[in-house]
Amino acid sequence: MPQNKVDVLLGLQWGDEGKGKVVDVLTPRYDIVARFQGGPNAGHTLEFEGKKYVLRSIPSGIFQHGQTNIIGNGVVLDPVLFREEAEALERSGIDLHKVLKISKKAHLILPTHRLLDAANEKAKGDAKIGTTGKGIGPTYTDKISRNGLRLGDALAPDFKERYAAARDRHLQRLASMGENPDITELEQRWLDAIDYLRRFDIIDSEFVINNALSQGKSVLCEGAQGTLLDVDFGSYPFVTSSNTVTAGACTGLGVAPNRIGDVFGIFKAYCTRVGSGPFPTELFDETGRRIRDIGHEYGAVTGRERRCGWIDLVALRYAIMINGVTQLIMMKSDVLDGFDEIKACVAYEIDGKQVTDFPYSLDTVDVKPVYVTLPGWHTDMTAMKSEDQFPQQFKDYIKFLEEQLATPITIVSIGPDREQTIVRSRS
Ligand code: GDP
Ligand code: IMO
Ligand code: MG
């Protein structure tokens, strides 16, 4: 953790790598944890002391020892879902008003953004993205087209009029798509939730973070989604609408690029994806079902089945390059504990040629994964306390991945609980 730098933790695959769990584990090392993009499309799961929590907009540092948690300007916030999440946390004894701060510049998700998300998906038919339906795309669209409403606007006297103008614009658009919803109830709940939000500490987060850095405090930036869902570098158009990569931490929090310290890249020992879009190593057979069952691969937000497949090193190398990953964290290794063989995709075969650079498009060409097969370890690792206890085949698997990815794996997760985390010693 270099001085006056922020560390960034983000997903290297299609999301749900286990970011929430690891942010919670790493939080004691930091003074501030800050979310920099995405919104309630995220579902970050944490487990400790026999309890399970799912966070959507609130950073995963909330359960540790009173660190400051910040929702940054790059995040899009749904007041109604935020209120549900915050009230549940308050009921479990967390004094949120003390530890949570929210950027004035975070954009607001309106009820009509969610309706537009659904209408856009319907209009796309079979080509739909399979979004989480949380209004993410339409909210970021309004932000970029300079029509958005920000949380800071909720503090202005003319907020209601500005809200009404945005709502009317959305309703017109919906009408042009054949949708004429009655939003009276949704709107009332949303306005009540805005009142609730106003009672939080609404801040200029870029100053708070940079001042904290100048005072020698440490900051962990928490990513949502994953690199392959990044709007620029992911499997476009089957992506989310924000920059999920390290650069997103700069724009989503107001930290300069030369302030980036360590970048923790998280990946599962296999690969999953929810929603539509290409997935070269997807398994449609018994092995895929087995991974889904053992790994409980169902979405934390939508409950949808996650598509499962083998680890994809072509995509991982690309994600490591784009993010400048300095340390890798491997999650859910325990899910493969009982497998005879583990496969890893080391290249793609496209038009009879082997390719190791992640291609421009994955859905317009026929991509055949080229696999290396490694022996399984047939050992229950879930109760292990140190890397010395790892079976040899698993140690070999780690070594193989480190060589292929040219980056050290410094943490291995062997179960969903906070305690099931092995920090490896670095030689
Ligand atoms: P996130 O969105 O990246 O925070 O990940 P999710 O919470 O959506 O999905 C990860 C799921 O895997 C959650 O249900 C976690 O409780 C669970 N999990 C995290 N790490 C491990 C692990 O090492 N082993 C197992 N078996 N489950 C894990
Ligand atoms: P966390 O932070 C997995 C996927 C959706 C869809 C695409 C676009 O928990 O890893 P959106 O609602 O963002 O417009 O949907 O992105 N998606 C995720 N998949 N984990 C997530 O978040 C995701 N957030 C969005 O399934 O394919
Ligand atoms: Mg998730």
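Please read all numbers here as calculations on a predicted model, not as lab measurements. First listed ligand is number 1; within each ligand, the first listed atom is number 1.
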> Is the shortest N/O to N/O distance between K19 and ligand 2 below 3.5 Å?
yes

> State which residue, out of K332, Q420, K21, fulfils the side-chain hydrogen bond (donor to acceptor under 3.5 Å, both in side chains) condition with S413.
K21

> For a distance under 2.8 Å, tell me if G43 has an N/O/S atom near the Mg ion (ligand 3).
yes

> With nothing but distance in play, are any N or O atoms of G43 less than 3.5 Å from an N or O of ligand 2?
yes

> Is it the side chain, the backbone, both or neither of T45 that has a heavy atom closer than 4.0 Å to ligand 1?
both

> State whether the shortest distance between N or O atoms of G18 and N or O atoms of ligand 1 falls below 3.5 angstrom.
yes

> Under a 4.0 Å heavy-atom limit, does K21 contact ligand 1 with its side chain, its backbone, both, or neither?
side chain

> If I apply the N/O under 3.5 Å rule, does E17 come out as touching ligand 2?
no

> Quick one: does S276's side chain have a donor or acceptor within less than 3.5 Å of a partner on K128's backbone?
yes

> Could you tell me whether K395 sits above the aromatic face of F390, with NZ or CZ closer than 6.0 angstrom to the six-membered ring centre and within 45 degrees of the axis?
no

> Before signing off on this row, confirm whether K134 and ligand 2 have an N or O atom pair separated by under 3.5 Å.
no

> Are any side-chain N or O atoms of T407 and backbone N or O atoms of L405, one a donor and one an acceptor, separated by less than 3.5 Å?
yes

> Checking the N or O distance criterion of under 3.5 Å, is ligand 2 in contact with Q225?
yes

> Tell me whether S413 has any N or O atom under 3.5 angstrom from an N or O of ligand 1.
yes

> Taking the six-membered ring for Trp, are F233 and Y318 parallel (under 30°), tilted (30 to 60°) or perpendicular (over 60°)?
perpendicular

> Give the single entry among V22, L46, D334, V23 that approaches atom 26 (N) of ligand 1 most closely by any heavy atom.
D334

> Name whichever N, O or S atom of D16 ends up nearest to the Mg ion (ligand 3).
OD1

> Geometry only, no angles: is M331 polar-contacting ligand 1 at N/O separations under 3.5 Å?
no

> So which bit of E297 gets within less than 4.0 Å of ligand 1, heavy atoms only: side chain, backbone, both or neither?
neither

> Under the 6.0 Å and 45° cation-pi test, does R273 pair with F279?
no

> Among P40, G130, G277, G275, which residue places a heavy atom closest to atom 6 (C) of ligand 2?
G130

> Any nitrogen or oxygen of E17, side chain or backbone, less than 3.5 Å from one on ligand 1?
yes

> Under 4.0 Å between a side-chain nitrogen and a carboxylate oxygen: does that hold for E286 and R289?
yes

> Do the charged groups of E49 and K51 touch, with an N to O distance under 4.0 Å?
no

> What I want to check is whether the side chains of Q225 and T244 have a donor and an acceptor closer together than 3.5 Å.
no

> If we ignore angles and hydrogens, is there a donor and acceptor under 3.5 Å between the side chains of R317 and Q404?
yes

> Ignoring hydrogens and angles, state whether a donor on the side chain of Q64 or T27 is under 3.5 Å from an acceptor on the partner side chain.
no

> Can you tell me how far CG of L313 sits from CZ of F267, rounded to the nearest 0.5 angstrom?
8.5 Å

> Check whether any N or O atom of L229, backbone or side chain, sits under 3.5 Å from an N or O atom of ligand 2, and answer yes or no.
no

> How does I414 reach ligand 1, by side chain, by backbone, by both or by neither, if only non-hydrogen atoms under 4.0 Å count?
backbone

> What I want to check is whether the side chains of T139 and H107 have a donor and an acceptor closer together than 3.5 Å.
no

> Among protein heavy atoms, which sits nearest to atom 8 (C) of ligand 2, and what does the distance come to when rounded to 0.1 Å?
V239 O, 3.4 Å

> Quick one: does NZ or CZ of R83 land under 6.0 Å from the six-membered ring centre of Y196, within 45 degrees of the ring axis?
yes

> Taking 4.0 Å as the limit for heavy-atom contacts, which would you say applies to E47 with ligand 1: side chain only, backbone only, both, or neither?
side chain

> Checking the N or O distance criterion of under 3.5 Å, is ligand 1 in contact with G415?
yes

> Geometry only, no angles: is S276 polar-contacting ligand 2 at N/O separations under 3.5 Å?
no

> Measure the distance from atom 20 (N) of ligand 2 to every protein heavy atom, then report the residue, atom name and distance (to 0.1 Å) of the closest one.
D16 OD1, 3.1 Å

